[in-house]
Peer 1: 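Let me give you the structure first, and then I'll get to my questions.
Letters A, B, ... mirror the listed sequences (proteins, then strands); counts begin at 1.
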Amino acid sequence: MRPLVTLSAVLAIGAVATTTTVMLWPNSPQIADVPEIVVIPAGSYSYRPSGDFRIGTRSVDAPRETRSANTDLEIMKYPVSESLYAQCVAAAACTETTVIGLLEAPQTDISYVDATSFARWYSSMTQQTWRLPTDDEWVRAAGERYVDAGLGIDKDEEDPSKRWLANYRRLVSERGDSDVEIHPLGHFGVNELGVSDIAGNIWEWTESCFINGQVSEDGTAVVEQTNYCGVRAVQGKHRAFIIEFVRDAKVGGCAVGIPPDYLGFRLVREG
Amino acid sequence: MLTRRATLMGAVAVAAAPLAIKASASEEIMDTSGAQAVDLSTLPRRKVKLVKPPFVHEHEQVAMSGPAVIQFEMKIIEKEVQVADDAYLQAMTFNGSMPGPLMVVHEGDYVELTLYNPPENMMQHNIDFHAATGALGGGSLTLVNPGEKTVLRFKATRPGTFVYHCAPGGPMIPWHVVSGMSGAIMVLPRDGLKDHENNPVSYDSVYYIGENDFYIPKDENGEYMRFEDAGDSYADTLEVMNGLIPTHVTFNGKVGGLTGDNALTATQGEKVLFVHSQANRDSRPHLIGGHGDLVWETGKFNNAPERDLETWFIRGGSAGAALYEFLQPGVYAYVNHNLIEAVNLGATAHVLVEGDWNNDLMEQVVAPSEYDVMHEGKTALP
């Protein structure tokens, strides 16, 4: 069972925060009861890098790579809940954001800045290293719920409008209708690895930056890349890139894109 | 005990009463039975079935025969409609859609509309055609109670695109309009459209974009309120309306009404006529990545069209028309270029255009890539 956060714990942390103006990280764990973790075993997995990839000047799908992970991955079974995030807010280590008042609901309206602030605070409270997953770690944890970002357009297709239209149509068909109700944790069920709520109506922040990459002539390998970290990949029913201070991507999307319903996050623990 | 309907009808009468003097004309119910009869028995009569926007019923661009009586039917539907993912409207509609259907006739034709107000409705309605002459555009001849029908005939004397809307008197007028009761009619010149040099022009297809502004109240938690029926929503809605800031500005009746699965389609080389109406509020259509080749901004075809427009102005209470030939394939966004309204409030449509990319019109010469900061970019600034 997932540990429930008690009200007294929230108040206790709040009291610490209000009596100190400078943030003092504790030397011993202040939170021992960490949320349920799923271990994704080491091994190989299929992945496409995140960003814009070209052969010369022609946009192509990122190459589908088989990657190999040498270590197990420990990831939260559920997205970070309102109750957990509320502790960080009470400790003045996180910025307040929208709540729906359901403690066992995922915390939404989270920016990349919010998510990483939480991870820093949570690491200090637990005396463990917690951080956002990278895009490919998220893909490992998503298992069969990972939606391959490839458009399946021939790499030799010369006409840019074909990719553009295909991308629009793919987004429409994969996304379906948006779901604006925030559901309790567990609503979208577990995948075959035991990770819950992957690719529901919450897109999850990852550490990964936008990559501008050059692909080999045969389309199989990234030969050169530049990272742009003002935006980060968020993962869910599709991969989107969101500016790090945006909490609600529903409004303010670009003219012809289809934005995520909600932004939230879950963390991985480093061994 | 009073039923909800009886209460509401009472409220309508009370609300309208104080306006009886300063706006007496709008309260006037008249009939034309005493006037001299017109004999139209020699004219052909043709029935046309209206279709749901953004589509338009089949029609001739150049009239192949003389004036006729064109018969239309519309049923007024009051129903709750989802206008955004998280917002519902107690809508009032002409023929069940927002906007109401686009009617197309030719100059000199007679428009004969049978208007039904079904018994399950709660309110009185009527129709005011900006294309018509007299009797408040037909408004004072067409006020129908639930369970009633009426037939209005008017002569289409002026070619152009014109708004029609419900105008049942007093404060009911703006409320019915922002609840969805507006649409448009296009009166084509008998010999079709003409360009700026008076040469004939035609279109391959026509899309009707009806823009609506909605004013949906929020509760104390900031959530959009949902109401049992239209009457229930009136007081809270009026408060938002009087602030003049809409909560939603939509094409085809809902946020996303013309995007995604509902996106418009065209092919390269296709000439598309966009008819755009806004019954209540100003708008400024803009086709991102395209233009208006020929634009009848005020919608009236006796005026020469403007050419090569980037954005055109639709005055609240009017309909305009813009003809564009799609030259390049890809995704286009047709927006209200108040971009806050387009992106945040909903006034965006997408057009998916198939074809072959033309690098002569546009080419990405250098794809986004890192540059050498030490040596490049020094010549850009003055």
Peer 1: Minimum heavy-atom separation for B:W357 and A:S161, please, with both atom names.
Peer 2: CE3-CB, 4.2 Å
Peer 1: Please flag which part of A:R169 lies under 4.5 Å from any non-hydrogen atom of chain B: side chain, backbone, both or neither.
Peer 2: side chain
Peer 1: I'd like to know whether CD of B:Q82 has more than 12 heavy-atom contacts from other residues, nucleotides or ligands below 6.0 angstrom.
Peer 2: yes
Peer 1: A quick test of your reading: do over 12 heavy atoms of other residues, nucleotides or ligands sit less than 6.0 Å from OH of A:Y228?
Peer 2: no
Peer 1: Taking the side chain as everything from C-beta on, heavy atoms only, tell me whether B:M362 gets closer than 4.5 Å to A:P160.
Peer 2: no
Peer 1: Could you list which of residues 256-268 of chain B have a heavy atom closer than 4.5 Å to any heavy atom of chain A, in residue-number order?
Peer 2: B:T259, B:G260, B:D261, B:A263
Peer 1: Is there side-chain contact between A:R58 and B:Q364, with at least one heavy-atom pair below 4.5 Å?
Peer 2: no
Peer 1: Verify the neighbour count for atom CG of B:L361: are there more than 12 heavy atoms of other residues, nucleotides or ligands below 6.0 Å?
Peer 2: yes
Peer 1: Name the region of B:E354, side chain, backbone, both or neither, that has any atom closer than 4.5 Å to a heavy atom of chain A.
Peer 2: both
Peer 1: Give a yes or no on whether the backbone of B:S369 and the side-chain of A:N212 come within a donor-acceptor separation of less than 3.5 Å.
Peer 2: no
Peer 1: Between A:T226, A:V180, A:D261, A:L165, which shows the greatest number of heavy-atom pairs under 4.5 Å with chain B?
Peer 2: A:L165
Peer 1: Among A:T57, A:D179, A:D159, who wins on heavy-atom pairs under 4.5 Å with chain B?
Peer 2: A:D159
Peer 1: With a 6.0 Å cut-off (strictly less than), is the heavy-atom count around CD of A:E144, excluding the residue itself, greater than 12?
Peer 2: no
Peer 1: Give me the atom names and distance for the closest heavy-atom approach of A:K162 to B:G355.
Peer 2: NZ-O, 2.6 Å
Peer 1: Counting only heavy atoms from other residues, nucleotides and ligands, does the tally under 6.0 Å from CD of A:Q225 exceed 12?
Peer 2: yes
Peer 1: Counting only heavy atoms from other residues, nucleotides and ligands, does the tally under 6.0 Å from CD1 of B:I340 exceed 12?
Peer 2: no
Peer 1: For chain A, which candidate among B:D86, B:D356, B:L339 shows the most heavy-atom pairs at distances under 4.5 Å?
Peer 2: B:D356
Peer 1: Checking heavy atoms, do the side chain of B:V353, its backbone, both or neither come under 4.5 Å from chain A?
Peer 2: backbone
Peer 1: Does CD belonging to B:E376 count more than 12 external heavy atoms closer than 6.0 Å?
Peer 2: yes
